[in-house]
> 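Here it is, the structure in full.
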Amino acid sequence: MAAAGGRIALENQGFLRHPRVYLELQQRLRAQLRSVLTAKYDLELENIPIEIPPDLQFGELATPIAFELARKLRKSPKIIAQEIVAALGAVDGFDGFEVAGAGYINARLDRAAGVRLVAGGKSLARVASGLHSLVEHTSINPNKAAHIGHLRNAILGDTFVRLLRAAGQKVDVQNYIDNTGVQVADIVVGLIHLENKTVAEVRALIAESDNHAADGERIDYYCWDLYARTSQWYEQGSDEENAVRKQLRYATLHEIEQGSNETAEIAELISTAVLKRHLETMLRLDIEYDFLPRESEILHLNFWEAAFEQMKQKGVLYFENEGKNKGCWVMRRPGAEVVEGALDEDAKVIVRSNGTVTYVGKDIAYHLWKFGLLGKDFGYKPFFTYSDHECWISAEHGDETHPHFGGAQATYNVIDVRQNDPQANLVQALRGMGFVDQADHCIHFGYEKVALTPRCALDLGYEIAQEDLDSPYILVSGRKGFGVKADDLIDKLIAATSAEVEARQTGADENERRLIAKQIAIGALRYFMLKFTRNSVIAFDFKDALSFEGETGPYIQYAVVRARNIFRKAGINPQTVLVEFAELTGIDAYLEGEAAQEIWALWLRAGRRTLVLEQCIASSEPAYLAKHAFQLAQEFNNFYHKHHILTEEDPARKTFLLATAAVALRELVMALSWLGIESPESM
RNA sequence: GCGCCCGUAGCUCAGCUGGAUAGAGCGAACGCCUCCGGAGCGUUAGGUCGGGAGUUCGAAUCUCUCCGGGCGCACCA
């Protein structure tokens, strides 16, 4: 597996019965080329490259295969290309082939046939692929409000879930809750020792925050500040005081892990309250979960012990008798050179010399469960109700009836690239235990951080060191309370879109305007987080994030609204147009000549849906779909500008143009829905 | 010291398994509403793809090296 964003063989992805225009044509061409090469040169090539040329003047598909063969056949590429073209004959869906440049073979599609194929491409037909995947995302420490970095995580994860489901996979969405970690301990230290709160007072604080949610008294915001204060408190005193405070921190952590005491009760109360807030924040973006596994259950249900036994049995772990890791159970790191009998001081510690288990160890146990290999299960209780399903949470003693989670064939872990090493260790452990297939399908869906531009940090009122002013970005820090809270950003976006909606007097009534403003705001935010590829650091700036022009979600939504307006004015719906279009003859005439190039390009782009979906899944990269949606919108806007549909006098041509708009609309709406972006009725 | 990522137009970023004249958005300059809503469309300016070497018919893409930046490398999570 590649460290960040692995690839899975495409034949496992279940696309075979999915509507696919480009892929189908590619396959036909490839098959024909293959048989020509065999017949003519007695050559069996494993891979025949077929690409999409940079310009329509070179056709719709092309292959540089002749260059590759030139040396082997001792002929010039041009001659070879000519021979192949002569031998190709007719291929269904293609108009012809020609040699261009120094030896390219360019294929021209039968445009009318291509248009028919695209027009007939059914809207989202979900074909079960038989694959069961598990996507883990969000996983925010439940001790403070969500910030923009968490938004990137959740939006990437949620979008990928939508892509897998579009490809027909069964997907479970999990949000892992570290409710017994240091970060929760810190907030508990703050509550008990800085705020002097009792269990009853914490309970009251949470109840009060529920009632005053609108006044900024929200519990996650309260914790945001308290967490920052507590983090500073550890370092503010004299050396002796700080040592005592750190002791307090670890004593608190220990009590939380143990459970059944007041400290643990406070941790449980506060982490659950903050978790609820996180779910509410994410719901604003249409992000939902199926299951919330918590670390407390992984501890109390002894998941680790079961994993430990397996790992010892399979020889993945060994007890170290010497060196710096003496007394620990350790594991070889991936890529470590195995020298028999030699001391491997670089080995990863899984069980400490005091008998406690490290993070990676717990994660291994959790992942064995994910793949159904642990031989243990969580208890389950309902926790949060969505409009059409329930989100469950882990429990020591759960309800009798509950859905089944875990036992997936593939898992995607949406986690920051900084966790590259631990994720690699995890995969190594699975592989070492003989679970090779699972290791290959345990994918670290890594992504880079969201930082702030220095200007943005200054605008927020933070003090910036002189040397940081020139750097491209400044890292956010929960510990310092330095960052942009998710809800604040969403509020700002909605305020901005509301102002626009009011100014344009969009929408019939107050409720509708509110809905539209929300749809646009979410569209802008989700697109902003998805337009960058995963390994690019986002330097966050309000100016860019609040932009609704150019390469943005609202730009694409606007294209949809324009298309819908055409049908509204014409008094006909897109489906009806496509039915009429199926009966229309002589469409070739509308696809020829210079003027038709952009229209044909739009149809071609519309036919790329499945190709793009496949690329996104194979490379774990939703940004490709974001780019596709934008380009489609761009080409539609271009078409919209140049071809006035409603005043077209030739009824046949008018039907053709309407069909073009109908297909563009269908593909735009679908692409947006896969991105988790709604298509407003007007804007 | 070891490992991973990044360096492409003034700014922010695309560039698919190496392939045809290196693209988009923003910003800049100038245009386009008697015509399906201008959150739109068009034109112009702007790049030795960090430097160098190599592999190849062909390199932004692969290899090596150097420079510059980020992040990992805990008996933390």
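By convention in this document, chain letters (A, B, ...) are assigned in the order of the sequence lines, proteins followed by strands, and residues within each chain are numbered from 1.
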> Hey, is the side chain of A:K569 poking within less than 4.0 Å of OP1 or OP2 on B:G37, counting only N and O atoms?
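A:K569 to B:G37 OP1/OP2: side-chain N or O found under 4.0 Å.
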> Report yes if at least one side-chain N or O of A:N638 is closer than 4.0 Å to OP1 or OP2 of B:G42; otherwise report no.
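Affirmative; the distance criterion is met.
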> Strictly below 4.0 Å: does A:R504 bring a side-chain N or O up to OP1 or OP2 of B:A39?
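Yes.
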> Does A:R564 place a side-chain N or O at less than 4.0 Å from the phosphate oxygens OP1/OP2 of B:C36?
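Answer no for this pair, as no side-chain N or O of A:R564 is under 4.0 Å from OP1 or OP2.
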> Quantified in whole Å, what is the P atom distance between nucleotide B:U8 and nucleotide B:A14?
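That atom pair is separated by 11 Å.
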> Under 4.0 Å from OP1 or OP2 of B:C75: is there any side-chain N or O of A:N325 that close?
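For A:N325, the contact criterion (side-chain N or O under 4.0 Å from OP1 or OP2 of B:C75) is met.
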> Using whole Å, report how far CZ of A:R71 lies from C1' of B:G58.
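For the pair A:R71 CZ and B:G58 C1', the rounded distance is 12 Å.
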> Of the nucleotides B:C57, B:A74, B:A39, which has the atom closest to the A:K348 side chain?
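The nucleotide sitting nearest to the side chain is B:A74.
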> Give the rounded distance in Å between these two atoms: CD of A:Q631 and C1' of B:C16.
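One finds 12 Å between C1' of B:C16 and CD of A:Q631, rounded.
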> Using whole Å, what does the distance between atom C1' of nucleotide B:G40 and atom NZ of A:K642 come to?
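It is 14 Å, rounded to the nearest whole Å.
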> Ignoring backbone atoms, test whether A:Q634 places a side-chain nitrogen or oxygen under 4.0 Å from the OP1 or OP2 oxygen of B:G25.
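So the side-chain polar atoms of A:Q634 do come within 4.0 Å of the phosphate oxygens OP1 or OP2 of B:G25, strictly under.
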> Among residues at least two apart in sequence or on other chains, which ones pass side-chain hydrogen bond (donor to acceptor under 3.5 Å, both in side chains) with A:S498?
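Testing A:S498 for side-chain hydrogen bond (donor to acceptor under 3.5 Å, both in side chains), a comparison that skips the adjacent residues, returns none.
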> Please identify each residue that fulfils ring pair (Phe, Tyr, Trp, His ring centres under 6.0 Å) with A:H643, with sequence neighbours left out.
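Partners of A:H643 by the ring pair (Phe, Tyr, Trp, His ring centres under 6.0 Å) criterion, ordered by chain and then number, come out as A:F639.
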> Below 30° counts as parallel, above 60° as perpendicular, anything between as tilted: where do the rings of A:W329 and A:F319 land?
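Perpendicular, since the angle between the ring planes exceeds 60°.
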> Distance check needed: B:G3 P versus A:Q423 CD, whole Å only.
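Distance, rounded to whole Å: 21 Å.
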> Of the listed nucleotides (B:C36, B:A77, B:A20), which one gets closest to any side-chain atom of A:K362?
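So the nucleotide nearest the side chain must be B:A77.
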> Measuring to OP1 and OP2 of B:A77, would you say a side-chain N or O of A:Y359 lies under 4.0 angstrom away?
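For A:Y359, the contact criterion (side-chain N or O under 4.0 Å from OP1 or OP2 of B:A77) is not met.
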> State whether A:Y250 places a side-chain N or O below 4.0 Å from either non-bridging phosphate oxygen (OP1 or OP2) of B:C75.
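Answer no for this pair, as no side-chain N or O of A:Y250 is under 4.0 Å from OP1 or OP2.
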> Does A:H644 stack onto the base of B:C35, taking stacking as ring centres under 5.5 Å apart and planes under 30° apart?
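So no, this residue does not stack on that base, at least one cut-off failing.
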> OP1 or OP2 of B:G15 less than 4.0 angstrom from a side-chain nitrogen or oxygen of A:Y624, does that happen here?
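A:Y624 to B:G15 OP1/OP2: side-chain N or O found under 4.0 Å.
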> Please confirm whether A:R534 makes a cation-pi placement over A:F445, using NZ or CZ under 6.0 Å from the six-membered ring centre and within 45° of the ring normal.
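Pair A:R534/A:F445 counts as cation-pi.
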> So that I can compare with my own list, what are the stems of RNA chain B, taken as at least three consecutive Watson-Crick or G-U pairs with distances under 3.5 Å?
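Detected stem regions: B:1-7 with B:67-73, B:10-13 with B:23-26, B:28-32 with B:40-44, B:50-54 with B:62-66.
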> Between B:A20 and A:F58, is there a base-stacking contact, meaning the centre of the base's six-membered ring lies under 5.5 Å from the residue's ring centre while the planes stay under 30° apart?
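The ring of A:F58 is stacked on B:A20.
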> On RNA chain B, check which nucleotide each of A:N565 and A:P54 is closest to and give me the residue with the more 5' one.
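Between the two, 5'-proximity favours A:P54.
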> Nearest whole angstrom, please: distance from the P of B:G3 to the CG of A:N425.
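Interatomic distance, CG of A:N425 to P of B:G3: 16 Å.
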> List the residues meeting side-chain contact (heavy atoms from CB on, under 4.5 Å) with A:R564, not counting sequence neighbours, and say none if there are none.
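A:R564: side-chain contact (heavy atoms from CB on, under 4.5 Å) contacts with A:V560, A:R568, A:L665, A:V669, A:S679, A:E681.
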> For residues 65-73 of chain A, run the donor-acceptor check on the side chains, cut-off 3.5 Å, and write out each pair with its distance to 0.1 Å, sequence neighbours left out.
none

> Just checking, A:R245 and A:Y234: is the charged tip under 6.0 Å from the six-membered ring centre and within 45° of the axis?
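Because its charged atom misses either the 6.0 Å distance or the 45° angle limit, A:R245 does not stack over A:Y234.
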> Any salt bridge (Lys or Arg N to Asp or Glu O under 4.0 Å) pairs touching residues 622-635 of chain A, not counting sequence neighbours?
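Listed once each, the pairs are A:E551-A:K627, A:R605-A:E635.
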> So, is A:N420 close to the B:C4 phosphate, meaning a side-chain N or O under 4.0 Å from OP1 or OP2?
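So the side chain of A:N420 is outside the cut-off, no N or O lying under 4.0 Å from OP1 or OP2 of B:C4.
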